[in-house]
Undergrad: 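This structure is in structure tokens; I'll ask about it shortly.
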Amino acid sequence: MISDLTAAALRGLDPETAHRATIAALRLLPKVAASVDDARLETRAFGLSFDNPVGLAAGFDKNAEVFDATPGLGFGFVEVGTLTPLPQPGNPRPRVFRLLEDRAVINRYGFNNVGHASALERLSRRARIGVVGVNVGANKDSADRIADYVAGVKTFAAVADYLTINVSSPNTPGLRDLQEASALRELLARALAARESAARRPPLLLKIAPDVKLEELDEIVRVARDAKIDGMIVSNTTISRPETLRSNLAKQAGGLSGRPLFALSTQRLAQTYLRIEGQFPLIGVGGIDGPEAAFAKLEAGASLLQLYSALVFEGPGLIQRIKEGLAARLAAEGAKLATVVGRQAAEIAARPG
Ligand SMILES: Cc1cc2nc3c(=O)[nH]c(=O)nc-3n(C[C@H](O)[C@H](O)[C@H](O)COP(=O)(O)O)c2cc1C
């Protein structure tokens with residue numbers, strides 16, 4: 001197990017090198033099932049069962065190299081990717097920055113990944129422990145971006161427990177335009193048609209940016225509901241820069257994640273939850289760095305959670321702390337996880353933005 005001490009040592013390296021070292025270490029771990037979680041944390045969503053609701057967000061295991069090791073770290077699920085049809089190098093280095101004082105990360109990786117074929121080869125040999133989602137995107141130079149998503153659905157339907165259509169990365173120019181209603185309608189129709197014609201039909205989720213305006217969110221949810229997708233993930237990183245940021249790296253271009261993303265992403269989550277009216281579940285992601293933040297995401301409307309940035313600062317001990325805190329809070333209230341989902345959504349949605 002990569003200890004929190006090792007995590008501290010890795011912080012001495014530049015962030016991309018530290019990340020690569022962590023992936024290399026995780027590849028060496030035995031593929032074990034997680035230790036048993038508190039029964040209060042068990043949950044179901046999209047027709048899948050989860051031992052606990054805490055997932056590893058997309059971007060950590062971009063190339064589907066360490067998904068079998070993540071249950072052993074305590075995660076209830078993992079989302080690999082973003083994967084594009086062809087391998088691509090992404091943007092020049094440096095392209096990821098730790099904002100230590102702000103407990104935040106800025107990245108402008110630009111979908112560096114090994115491409116579909118290489119990831120599929122590894123996913124085909126899955127140990128079938130834990131829940132593994134596959135997040136798909138489009139190549140930067142693609143002539144038909146929607147066709148890239150369709151290819152992702154076709155390629156990974158056989159091996160993914162769920163699929164995520166990622167139209168929300170800020171680091172591929174123009175990608176987020178696919179969130180606009182008419183483009184999104186076409187994208188979801190073609191992606192769902194591809195899923196229907198596959199032999200296995202995993203649930204299909206849409207991951208959105210926190211930077212969409214409320215009128216845009218109205219449209220996105222309307223299109224998503226009409227198309228009958230299975231869920232949404234709220235949210236990706238933000239291109240906004242809260243005034244509270246103190247680090248001198250805050251002006252770096254890219255998507256901001258971690259603690260300063262929490263308020264914005266949680267409000268968008270609550271606003272999405274209210275618009276969904278129970279049609280499908282949501283995954284809440286953005287700035288979860290402890291049990292309080294995790295519980296607040298559930299109350300804002302998330303049935304499942306994901307995190308990434310806080311791992312950089314806290315190490316993997318964070319996962320156990322979150323799970324213990326959530327279980328204790330549910331026990332104290334005598335509540336089931338599902339009953340707290342969305343109960344504060346109206347209040348959080350209405351906070352001044
Ligand atoms: C270094 C880095 C790389 C990321 N890469 C991806 C990606 O390839 N695809 C994606 O959908 N999200 C990606 N994300 C976004 C995360 O999945 C998540 O939505 C976001 O970081 C907010 O969660 P957090 O505050 O817990 O990090 C990335 C985030 C980081 C920090």
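Reckoned from all heavy atoms, side chains included, excluding hydrogens, waters and symmetry mates. Ligands are counted one by one from 1 in listed order, and the atoms in each one are counted from 1 as well.
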Undergrad: Please determine if Asn107 has a nitrogen or oxygen closer than 3.5 Å to a nitrogen or oxygen of ligand 1.
TA: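 No: no nitrogen or oxygen of Asn107 is under 3.5 Å from one in ligand 1.
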
Undergrad: Which part of Glu79 is near ligand 1, with near meaning a heavy atom under 4.0 Å away: side chain, backbone, both or neither?
TA: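 Looking at Glu79 and ligand 1, no heavy atom falls under 4.0 Å.
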
Undergrad: Return yes if a side-chain donor-acceptor contact under 3.5 Å exists between Thr164 and Glu79, otherwise no.
TA: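 There is such a pair between these side chains.
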
Undergrad: Does ligand 1 come near enough to Ile288 that some N or O of the ligand is less than 3.5 Å from an N or O of the residue?
TA: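 No; the residue has no nitrogen or oxygen that sits under 3.5 Å from a nitrogen or oxygen of the ligand.
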
Undergrad: Can you tell which of Pro210, Pro242, Pro170, Ser240 makes a side-chain contact (heavy atoms from CB on, under 4.5 Å) with Leu256?
TA: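 Single side-chain contact (heavy atoms from CB on, under 4.5 Å) partner of Leu256 among Pro210, Pro242, Pro170, Ser240: Pro242.
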
Undergrad: Check whether any N or O atom of Gln306, backbone or side chain, sits under 3.5 Å from an N or O atom of ligand 1, and answer yes or no.
TA: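 N/O-N/O distance below 3.5 Å does not exist for this pair.
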
Undergrad: Please indicate whether any nitrogen or oxygen in Gly287 is less than 3.5 Å from any nitrogen or oxygen in ligand 1.
TA: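 Yes - when backbone and side-chain N and O of Gly287 are compared with those of ligand 1, one distance drops under 3.5 Å.
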
Undergrad: Looking only at distances, can you tell me whether any N or O atom of Val96, backbone or side chain, sits closer than 3.5 Å to an N or O atom of ligand 1?
TA: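 Looking only at distances, the answer is no, because the N/O contact criterion of under 3.5 Å is not met.
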
Undergrad: Would Thr237 count as being in polar contact with ligand 1, using the rule that some N or O on each side must be under 3.5 angstrom apart?
TA: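 No - when backbone and side-chain N and O of Thr237 are compared with those of ligand 1, no distance drops under 3.5 Å.
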
Undergrad: Specify the protein heavy atom at minimum distance from atom 13 (C) of ligand 1: its residue, its atom name, and the distance to 0.1 Å.
TA: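 So the nearest neighbour among protein heavy atoms is Ala58 O, 3.2 Å.
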
Undergrad: Who's closest to atom 19 (O) of ligand 1 heavy-atom-wise, of Ser257, Gly286, Ser235?
TA: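 Among Ser257, Gly286, Ser235, the closest heavy atom to atom 19 (O) of ligand 1 comes from Ser235.
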
Undergrad: Quick one: is the NZ or CZ of Arg95 closer than 6.0 Å to the six-membered ring centre of Tyr109, and within 45° of its axis?
TA: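 Cation-pi check for Arg95 and Tyr109: fails.
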
Undergrad: For atom 15 (C) of ligand 1, grab the closest protein heavy atom and report residue, atom and distance to one decimal in Å.
TA: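 Here the closest protein heavy atom is Asn236 OD1, 3.5 Å.
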
Undergrad: Work out whether the distance between some heavy atom of Gly258 and some atom of ligand 1 is less than 4.0 Å.
TA: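 Under 4.0 Å: yes for Gly258.
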
Undergrad: What distance separates Asp68 CG from Arg126 CZ, expressed to the nearest 0.5 Å?
TA: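 Answer rounded to 0.5 Å: 7.5 Å.
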
Undergrad: Counting distance only, does the side-chain N/O of Asn91 pair as donor-acceptor with the main-chain N or O of Arg108 below 3.5 Å?
TA: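 At least one qualifying donor-acceptor pair exists.
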
Undergrad: Can you measure from CD (Glu16) to CG (Asn107) and round to the nearest 0.5 angstrom?
TA: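 If I round to the nearest 0.5 Å, the distance is 10.0 Å.
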
Undergrad: Looking at ligand 1, does any of its N/O atoms fall within less than 3.5 Å of an N/O of Tyr109?
TA: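 No.
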
Undergrad: Considering only heavy atoms, which of Ser309, Pro170, Gly254 lies nearest to atom 27 (O) of ligand 1?
TA: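 Going through Ser309, Pro170, Gly254 one by one, Ser309 has the nearest heavy atom to atom 27 (O) of ligand 1.
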
Undergrad: Compare Leu261, Leu311, Val285 and give the one whose heavy atom is closest to atom 23 (O) of ligand 1.
TA: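 When every heavy atom of Leu261, Leu311, Val285 is considered, Val285 comes closest to atom 23 (O) of ligand 1.
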
Undergrad: When you measure from the heavy atoms of Ser169 to every atom of ligand 1, does any distance fall below 4.0 Å?
TA: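 It does not; every heavy atom stays at 4.0 Å or beyond.
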
